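Written below as structure tokens is the structure these notes are about.
In this text the structure is predicted, and so the values were computed from the model without any measurement.
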Amino acid sequence: MSELEQIRRRLEQAERLLNCFQQALGHELPNQLVAIQGLLRVLALEERDRLGPESREYLERVTAAARRVHELVRALAELGRTARDDQPAETISLAEAISEAAAEVKLLYPDYRIEYDFSHPAPALTVPRPALHRVLVQLLGHASRAGTPDRPIRVRVGARSTDAGVEFWVADDGVGLSPAQQRQLFEPFAGPDRPEGAGELGLFLVRHIIEGWGGTINVRSEPGQGTTFTITVRGP
């Protein structure tokens with residue numbers, strides 16, 4: 001067997017395995033986890049008064065663990081879809097894409113008070129539309145979770161054209177990040193110092209997408225001073 005034929009067979013095997021994992025992560029595991037969460041809700045509603053304090057605590061911990069696993073499975077499925085995404089690049093109004101992402105974030109986090117500032121002019125960007133939407137939803141979602149209970153979070157989004165392409169940023173006036181949290185921000189399965197929402201694969205996925213565009217993402221933050229993500233994408 002020639003070396004080229006061996007490579008072709010390995011690629012076919014990898015494709016079959018990826019299809020298998022995608023099927024499991026996209027359908028089978030989420031369906032089972034939804035069923036588990038449903039049973040836990042029934043148990044909490046119908047049997048909670050019969051449970052002692054320790055048993056109620058165990059029930060809450062199992063419910064939280066099931067929710068965490070469900071979020072992780074969704075993130076892994078999203079990562080798999082992104083790896084296989086062959087959507088063509090198109091010229092997109094960044095202002096329109098930001099507005100669409102902000103509308104989704106408000107639905108995802110209805111309990112958060114978010115004030116958006118889109119005052120900066122937004123040029124067009126030439127990238128796959130679904131991937132850009134994922135990036136913006138993750139970044140706006142991260143900014144939204146940076147608020148405190150006593151006041152709304154203010155999120156500023158802007159963009160500008162540069163000689164290299166397009167630069168855009170998402171900045172919040174939230175709690176900010178420590179140096180240790182910043183080091184773990186884009187890592188999958190981050191450790192105990194991770195900021196809220198960074199333990200999934202969301203920001204790891206963001207970096208993966210942006211680097212696939214040939215771009216870069218940087219973060220600037222200080223505790224109590226908010227956080228700014230800056231993304232630079234090369235021109236077509």
Side-chain angles (χ1 to χ4, degrees), residues 71 74-75 78-79 81-82 85-148 151-177 182 185-186 195-198 200-222 225-236:
E71 292 171 354
R74 289 178 59 186
E78 184 74 4
L79 183 61
R81 284 192 294 270
T82 301
D85 196 349
D86 57 355
Q87 291 289 328
E90 56 181 297
T91 301
I92 305 164
S93 164
L94 192 52
E96 177 185 332
I98 290 168
S99 297
E100 291 174 356
E104 181 170 336
V105 169
K106 285 185 177 181
L107 293 175
L108 291 172
Y109 304 103
D111 297 330
Y112 289 79
R113 294 186 297 160
I114 311 166
E115 296 178 355
Y116 288 106
D117 179 0
F118 300 141
S119 60
H120 297 278
L125 196 63
T126 303
V127 294
R129 183 180 293 272
L132 177 61
H133 184 74
R134 292 176 192 138
V135 166
L136 292 172
V137 167
Q138 289 293 340
L139 293 178
L140 293 178
H142 186 277
S144 302
R145 294 190 298 268
T148 57
R151 68 176 178 88
I153 185 73
R154 188 170 182 82
V155 180
R156 294 181 293 106
V157 185
R160 65 188 183 98
S161 297
T162 69
D163 293 339
V166 174
E167 178 183 274
F168 65 95
W169 57 89
V170 176
D172 66 70
D173 62 351
V175 296
L177 303 170
Q182 292 181 55
L185 194 60
F186 298 105
E196 181 184 356
E200 301 88 18
L201 295 174
L203 292 177
F204 171 78
L205 177 63
V206 165
R207 185 177 67 175
H208 175 81
I209 291 173
I210 292 170
E211 289 180 350
W213 295 340
T216 60
I217 179 169
N218 295 294
V219 60
R220 178 172 51 84
S221 183
E222 293 183 18
Q225 301 298 316
T227 301
T228 299
F229 291 96
T230 302
I231 297 91
T232 302
V233 181
R234 297 175 185 174

*Would you indicate whether R220, at its atom CZ, is surrounded by more than 12 heavy atoms from other residues, nucleotides or ligands within a distance under 6.0 Å?*
no
*Taking all heavy atoms of A89 and all of T126, pick out the closest pair and write down the distance.*
CB-CG2, 4.1 Å
_Residues which pass ring-ring contact (aromatic ring centres under 6.0 Å, His included) with F168, listed by chain and number, not counting sequence neighbours_ = none
*asked:* Using the side chain to side chain donor-acceptor pair (under 3.5 Å) criterion, which residues pair with S144? Sequence neighbours excluded.
replied: none
*asked:* Taking side chain to side chain donor-acceptor pair (under 3.5 Å) as the definition, give me every residue that meets it alongside Q225, ordered by chain and number, with sequence neighbours left out.
replied: none
_Restricting to salt bridge (charged side-chain N to carboxylate O under 4.0 Å, His left out), what partner residues turn up for E211, sequence neighbours left out?_
none
_Run L203 and I217 through side chain to side chain contact (heavy atoms under 4.5 Å, CB included) and show every step you take._
CA-CA 10 Å; L203 292 177; I217 179 169; 6.0 Å; no
*Where do A102 and L140 come nearest, in terms of heavy atoms and distance?*
N-CD1, 3.6 Å
*Given side chains that start at C-beta, do those of N218 and T228 come closer than 4.5 Å, heavy atoms only?*
no
*Identify which one of V127, V135, L205 satisfies the side chain to side chain contact (heavy atoms under 4.5 Å, CB included) criterion when paired with I210.*
V135
*asked:* Tell me if a side-chain donor or acceptor on S161 pairs with a main-chain N or O of V166 at a distance below 3.5 Å.
replied: no
*Can you see which heavy atom on P123 is nearest to which on L94, and at what distance?*
O-CB, 3.1 Å
_Test item: R160 and W169 side chains (from C-beta on) under 4.5 Å apart, heavy atoms_ = yes
*Where do R129 and I92 come nearest, in terms of heavy atoms and distance?*
CA-CD1, 3.4 Å
*Closest approach of I209 to A131 (non-hydrogen atoms, all atoms of both residues)*: CG2-CB, 3.8 Å
*Which heavy atom in A97 sits nearest to a heavy atom in L132, and how many Å separate them?*
CB-CD2, 3.8 Å
*Could you pull out all residues at least two apart from E115 that satisfy salt bridge (charged side-chain N to carboxylate O under 4.0 Å, His left out)?*
R154
_Rounded distance (nearest 0.5 Å) linking atom CD1 of I114 with atom CZ of R145_ = 10.0 Å
*Just wondering, do I231 and T216 contact through their side chains at under 4.5 Å, heavy atoms?*
no
*Could I get the full list of ring-ring contact (aromatic ring centres under 6.0 Å, His included) partners for Y116, not counting sequence neighbours?*
F118
*Could you check V170, L139, D172 and say which one makes a side chain to side chain contact (heavy atoms under 4.5 Å, CB included) with T227?*
D172
